[in-house]
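None of the values given here were measured: they were computed from a predicted structure. Indexing begins at 1, ligand by ligand and atom by atom, following the structure's order. In this chain, numbering begins with 1 at the start of the sequence shown.
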Amino acid sequence: MTKKFYVTTPIYYANAEPHIGSAYATLSADIIARYYRIKYGNENVLSLVGTDEHGQKIAEEANKKGVEPKLYVDSLVPTFKDAWKSLNIDFDVFMRTTDPSHENEASRVIQKIYDKGYIYSGTYEGLYCVGCEKFLTEKDLVNGKCPLHPNREPVYQKERNYFFKLKDFQNKLIELFENDKVEILPKYRKREVLNRIKEGLEDISVSREGVSWGVPVPWDKSHTIYVWVEALLNYYTATKTREDWGRFWPADVHIVGKDIIWFHTVIWCALLMAAEISLPKTVFGHGFLTLKGQKISKSLGNVISPKELIDQYGLDGTRYLLASAATFGEDRNIDEGEFDEKFQADLANGLGNLVARVETLAEKIGIEADSEIPGINTDVAGAIERYELDKGLDFIRLWISGLDKYLNQERPWEKSASESKQTLLAIIKGAEGVKSIKEIASSLRPYLPDTAEEILRRFSGTVRKGKILFPRLK
Ligand code: MSP
């Protein structure tokens, strides 16, 4: 059987420009996709990004701006595409939930769930957070507000909804997650999800009567499909956009933020079971990047755009700082000045300086390196396959300082030409106890693709001094 890998990011609400929180999730998925492209070949990897364009929140924002919702989302989509391009995110599909192919397939799936008898008509009465597009229970509230949208009043809502029989799936879900048939990572999130399921599930609304900006419910056009249900389906509908993409289903991993892990585990898996569609292998819930302890988000007004970081640290500098910002899975507060320090230490003085030292010496002596590209080191590969993305970079950092020490200890500049040549070739190709510069570069390919390629190019054939990779910050 051909190996394949399908990785997805959440589809972001098309009501604000991307910020470093959304960039963080997208970059993480890109690192995973790039790794599997190297392992399985380009044609065997599918990576999906996109925008979530329907629902009350988008409709309200568009209304505030005085434009039609479709025109409004059309105006925001390019900002996402540009941001991902500027971060060198190599996705295969950019899914928009207003694409007719998605709308048709989503409505086909919901009809199937209805036909199987899992949907009934009822009335929802309670609170709703428009920011999260989520029905709130008393337990969700902190000081009477949604904890993720403390500046926004939850709205009281009473409307006719179609309900999905989530309760029917309680035992099946417990069995699935306990036995890792669908793996929830990190493990502590799996425990949280399981504990909550065991407290008891309630049936959920899957339609909105009062929201017209959405995909009509096929058997009752006076409702639209609840935006979260429709949005989740994008992971599946994307694989229907090309005839030969069905083979990618089910997803190997959904990368999502911890705030939406419930939707991606409990609700998503129950909907798929009801529609008799096979289940994803893994759902990974990462943490939040915070500033002064607050989640970076539009509604809190503390957004940093990916562009600001790229202007300061360059493309691969930004990729490095984001990928290493947190233990993947956990929250991380970014301290002031932290990115500057890390850039100087790990990139300008670390990797960049090492490459410069070695190539200067190599040019002086005249080194011919072979054009062989080593594979990704197994420690780094293992870390990425376990979704310990930042750990992969920890290894690399250690090897860089190992090579620095080796260089200082061997002092090739004090040796005869032939001895010095040997030392440098050892650094380029590898030696006892140290990783070669080419193995380091190769292992960096998923993380810093341009830099990795540039280093591999510089150390193939006649080695010459090149441009500084990471100029020191002013
Ligand atoms: N549209 C839904 C997702 C639907 S997926 C079928 C949504 N969109 S969102 O734009 O609000 O958030 C998307 C993702 O960005 C979430 O996974 C969220 O956790 C992540 N992040 C938003 N701010 C973040 C940080 N400050 N840090 C890390 N990730 C954060 O939810």
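Atom CD of E138 is surrounded by 12 or fewer heavy atoms from other residues, nucleotides or ligands within 6.0 Å.
The SG atom of C146 sits 10.5 Å away from the CG atom of N151 when rounded to the nearest 0.5 Å. Taking CG of D390 as the start and CD of E388 as the end, the distance is 7.5 Å to the nearest 0.5 Å.
The shortest N or O to N or O distance between A231 and ligand 1 is not under 3.5 Å. Between Y12 and ligand 1, a contact under 3.5 Å exists for no N or O pair. The shortest N or O to N or O distance between I11 and ligand 1 is under 3.5 Å. Geometrically, ligand 1 and Y13 share a nitrogen or oxygen pair separated by less than 3.5 Å. At under 3.5 Å, not a single nitrogen or oxygen of H264, backbone or side chain, sits near a nitrogen or oxygen of ligand 1. No N or O atom of F288 sits closer than 3.5 Å to an N or O atom of ligand 1.
Note that R208 lies in the cation-pi zone of Y128, set by a 6.0 Å cut-off to the ring centre and a 45° limit from the axis. With F5 as the aromatic partner, K39 does not meet the cation-pi criteria of under 6.0 angstrom to the ring centre and within 45 degrees of the ring axis.
Atoms of ligand 1 lying under 4.0 Å from any heavy atom of G287, numbered from 1 in the order shown and given with element: 28 (C). When each atom of ligand 1 is checked for a heavy atom of P10 under 4.0 Å away, the hits are 5 (S), 14 (C), 17 (O). Atoms of ligand 1 found under 4.0 Å from any heavy atom of H286 (numbered from 1 in listed order, with element): 28 (C), 29 (N). Ligand 1 places these atoms under 4.0 Å from at least one heavy atom of I260: 16 (C), 17 (O), 31 (O). Listed by number with element, the atoms of ligand 1 under 4.0 angstrom from any heavy atom of D52 are 1 (N), 2 (C), 4 (C). When each atom of ligand 1 is checked for a heavy atom of L232 under 4.0 Å away, the hits are 6 (C).
Relative orientation of the F328 and F284 rings is parallel, given thresholds of 30° and 60° on the angle between their planes. Aromatic ring pairs are classed by plane angle as parallel below 30°, tilted from 30° to 60° and perpendicular above 60°; the pair Y36 and Y40 is tilted. Classified by interplanar angle (parallel below 30°, tilted 30° to 60°, perpendicular above 60°), the ring pair Y114/Y162 is perpendicular. In this pair, F263 and W228 present their aromatic rings parallel. The plane angle is below 30°, not in the 30 to 60° band. Note: H254 and W249 have tilted aromatic rings, judged against thresholds of 30 and 60 degrees for the angle between ring planes.
Residue C132 places no heavy atom under 4.0 Å from ligand 1. Within the 4.0 Å heavy-atom shell around ligand 1 one finds W228.
Looking at G257, A16, A25, it is G257 that brings a heavy atom closest to atom 17 (O) of ligand 1.
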